[in-house]
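A short worksheet on the structure shown next.
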Amino acid sequence: MTTIARGTDTLTRDALTVLQPGFTGTTAPDWLLRRLGEGLASVGLFGRNIVSPGQLAALTAQLRAERPDVLVAIDEEGGDVTRLEARTGSSFPGNHALGAVDDVELTHAVARELGRRLAACGVHLNWAPSADVNSNPDNPVIGVRSFGADTGLVARHTAAYVTGLQSAGVAACTKHFPGHGDTAVDSHHALPRIDVAADVLQDRELAPFRAALAAGTRAVMSAHILVPALDPDRPATLSRPVLTDLLRGELGYQGLIVTDGMEMRAVSGTYGIEHGSVLAVAAGADAICVGGGLADDETVRRLRDALVAAVRSGELPEERLADAARRVRELAAWTANGTTGDTASDPEAGLRAARRALAVTGGESFTPLTEAPYVAAFTPVANIAVGDETPWGVAAELLALLPGTLTGSFTGDSAGSDALAAAGERRVVAVVRDEHRHPWMAKALTTLLTARPDTVVVEMGVPQSPPRGLLHLATHGAARVCGRAAAEVIAGA
């Protein structure tokens, strides 16, 4: 049985209830178990917490032994953003690949299988899908995490993803409201600004969220973005006009509103995490996500105390905090009771989707490789959402098909010549990621193709640049299965 009432008053319990903190390690630390006993209702998991499905299941069982209805959340988008398979790369392509196929039944099947695997490990809230319309091709943080640049396509696949995930008993958290697609700034580092008219927002950014709400998404995540047409003063996460007037009022949403990570610089750099959390709850948010970076008991204590103090000073209405805590508990109850979803396994769903998403240019004149090539990976700096711990590319998959394959990673102005020198006489496979966003990468590819026109090019980001190379493969994402699909074509497997 839960020990929630262990010496804590209602106000303090409510303040703990609205927090979704992270922690370090692969077992629950004592401080986290203690906080669960005091009223904490949610825990967020990241790649650092996960080694294997068995270990993850043991971890969630440990949490539920302290609080049976604990809401265990994860940031598992599949594709480039994976926590379940952070050490190997995902078994599922991300949104951009699913959008490229544009088969809503396939998207539903992929989301259902991903949800089934999460539920089997005891995870029942997924901070996904991204419903952002990637209307800015230079977007540094969304990109392949979006289903695409077409609003209608994003809307129908967002709905399919939500229903697929929730059919497996895992609550979807559609993000990043009101839409992070038209930004050129990463909100992990600074505050992005979207300067478009209200009618553009209605027609473009909000349409996928309306589809998600119609599909019954159990949660929505706010974005740390400034949208002057909605609120000229505060980012969406801290904006009552955005969260209460628009999302609750105009759109009629009554589920859980979760913030994006509060330690992200777009909020913490100006407001600080304590004041930012108070403003977020006051604006209409129900759950404070924190723990991607700050993942300790001191952070939980600071946020709890800030919320309690804000109620006592009159800055935060007590009924608003109580309402937020109620919504968290309602979702926790949904995940704890009667949410055994579709358990039918479809282990090939991810690979099937990755193969269908592959766009091939030049294949009619290409003869598959029979000798081990040199894979030159032109590697940009990964954004924080993706992380740099997850392997990507085609080298590992080509090594399995063509033993003896060698690889190297290159960056900067000399990347092309360095790759040529490293490759020697071997056939070259060049792997890029968002070539259009990185001038040094485009230059490196030009250098390589000038000297070795038989180079195979694999674009694993958004395929915005014109295809070039004897064979050009666009995978629409860098998941492990996307690399396998490309390797199969290169090796004729």
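Predicted model only: the values in this text are computed from it and were never measured. Each residue takes its place number in the sequence, starting with 1.
E85 and S91 are linked by a side-chain donor-acceptor pair at a separation below 3.5 angstrom, with hydrogens and angles left out of the test. No side-chain N or O of S146 forms a donor-acceptor pair with one of N95 less than 3.5 Å apart. S465 and H436 share no donor-acceptor pair across their side chains, judged by distance under 3.5 Å alone.
Judged as a salt bridge (Lys or Arg N to Asp or Glu O under 4.0 Å), not a single pair has a partner in residues 395-410 (not counting sequence neighbours). Pairs passing the salt bridge (Lys or Arg N to Asp or Glu O under 4.0 Å) check and including a residue from residues 400-425, sequence neighbours excluded, do not occur. Within the structure, the salt bridge (Lys or Arg N to Asp or Glu O under 4.0 Å) test picks out the following pairs touching residues 441-470 (sequence neighbours left out): R427-D454, E435-R468.
Annotation: ring-ring contact (aromatic ring centres under 6.0 Å, His included) contacts of Y161 (sequence neighbours excluded): none. With sequence neighbours left out, T24 forms a side chain to side chain contact (heavy atoms under 4.5 Å, CB included) with R48, A295. Every residue meeting the ring-ring contact (aromatic ring centres under 6.0 Å, His included) condition with F209, not counting sequence neighbours, appears here in chain and number order: F177. For R156, the salt bridge (Lys or Arg N to Asp or Glu O under 4.0 Å) criterion is met by D102, not counting sequence neighbours. When the side chain to side chain contact (heavy atoms under 4.5 Å, CB included) test is applied to A451, the partners found at least two apart in sequence or on another chain are L420. For A207, the side chain to side chain contact (heavy atoms under 4.5 Å, CB included) criterion is met by T151, R210, not counting sequence neighbours. Contacts of H157 classified as ring-ring contact (aromatic ring centres under 6.0 Å, His included), with partners at least two apart in sequence or in another chain: F147.
Taking CG from L71 and CG from L125, the interatomic distance works out to 5.0 Å, rounded to the nearest 0.5 Å. Of the inter-residue distances, the one linking R433 atom CZ with T475 atom OG1 reads 9.0 Å to the nearest 0.5 angstrom. Atom OG in S135 sits 11.0 Å away from atom CG in D150 (nearest 0.5 Å). For the atom pair CG of L63 and CZ of F23, the computed distance is 6.0 Å after rounding to the nearest 0.5 Å.
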>> Let's go through V196 and L201 carefully: what are the C-alpha distance in whole Å and the side-chain angles of both, what is the deciding distance for side chain to side chain contact (heavy atoms under 4.5 Å, CB included) to 0.1 Å, and is it a yes or a no?
In response: CA-CA 7 Å; V196 298; L201 292 169; 3.6 Å; yes

>> As a quick check of understanding, evaluate side chain to side chain contact (heavy atoms under 4.5 Å, CB included) for M264 and V267, giving each step before the final call.
In response: CA-CA 6 Å; M264 293 165 63; V267 168; 6.0 Å; no

> Are W127 and Q20 close enough, and set up right, to give a side chain to side chain contact (heavy atoms under 4.5 Å, CB included), and what steps lead you there?
Replying inline: CA-CA 12 Å; W127 295 319; Q20 291 190 347; 3.3 Å; yes

>> Working note: L471 + V489, criterion side chain to side chain contact (heavy atoms under 4.5 Å, CB included); need CA distance, chi angles, decisive distance, verdict.
In response: CA-CA 10 Å; L471 176 72; V489 172; 4.2 Å; yes

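Looking only at side-chain heavy atoms (C-beta outward), E205 and I225 stay at 4.5 Å or farther from each other. Using a 4.5 Å cut-off on side-chain heavy atoms (C-beta onward), L45 and L56 make contact. Looking at heavy atoms from C-beta onward, V144 lies out of side-chain contact with M460 at the 4.5 angstrom threshold. In this structure the side chain of P93 never reaches within 4.5 angstrom of the side chain of H476, judged on heavy atoms. Side-chain contact between V123 and T60: present, with at least one pair of heavy atoms (C-beta onward) separated by less than 4.5 Å. Here the side chains of T174 and P129 are in contact, with some heavy-atom distance below 4.5 Å. Within the 4.5 Å cutoff, no side-chain heavy atoms of M262 are placed close to those of S268. Within the 4.5 Å cutoff, side-chain heavy atoms of V328 are placed close to those of L256.
Applying side-chain contact (heavy atoms from CB on, under 4.5 Å) to S222 and the options L247, V242, V258, T259 leaves one that passes, T259. A salt bridge (Lys or Arg N to Asp or Glu O under 4.0 Å) with D346 holds for exactly one of R117, R116, R352; it is R352.
Here the closest non-hydrogen pair linking L243 and A280 is CD1-O, 4.4 Å. Between V101 and A353, the shortest heavy-atom distance links the atoms CG2-O, 3.9 Å. Between A119 and A168, the shortest heavy-atom contact is CB-O, 3.7 Å.
The main-chain N or O of G79 is never found under 3.5 Å from a side-chain atom of T82 such that the two would form a donor-acceptor pair. Proximity of a side-chain donor or acceptor of E263 to a complementary backbone N or O of G292 within less than 3.5 Å is detected. Of the possible donor and acceptor atoms, none in the side chain of D80 sits under 3.5 Å from a partner among the backbone N and O of G477. The backbone N or O of G47 lies less than 3.5 Å from a partner atom in the side chain of R87, making a donor-acceptor pair. Of the possible donor and acceptor atoms, one in the side chain of N139 sits under 3.5 Å from a partner among the backbone N and O of V141. Remark: the backbone N or O of S417 is not paired with any side-chain donor or acceptor of S414 at under 3.5 angstrom. At distances below 3.5 Å, at least one donor-acceptor pair connects side-chain atoms of E76 with backbone N or O atoms of L84. Side-chain atoms of Q166 come within 3.5 Å of backbone N or O of A172 as a donor-acceptor pair. H124 places no side-chain N or O within 3.5 Å of a backbone atom of W334 that could act as its donor or acceptor partner. Side-chain N or O atoms of N49 include one that pairs as donor or acceptor with a backbone N or O of G25 at under 3.5 Å.
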Atom pairs and distances, side-chain donor-acceptor, residues 481-488, under 3.5 Å, sequence neighbours left out:
| from | atom 1 | to | atom 2 | distance (Å) |
| --- | --- | --- | --- | --- |
| R484 | NE | E488 | OE2 | 3.2 |
| E488 | OE1 | R355 | NE | 3.0 |
| E488 | OE2 | R355 | NH2 | 2.8 |

Please set out all donor-acceptor pairs under 3.5 angstrom arising from side-chain atoms of residues 362-375, sequence neighbours excluded.
| from | atom 1 | to | atom 2 | distance (Å) |
| --- | --- | --- | --- | --- |
| S365 | OG | G362 | O | 3.4 |
| Y374 | OH | G408 | N | 3.3 |

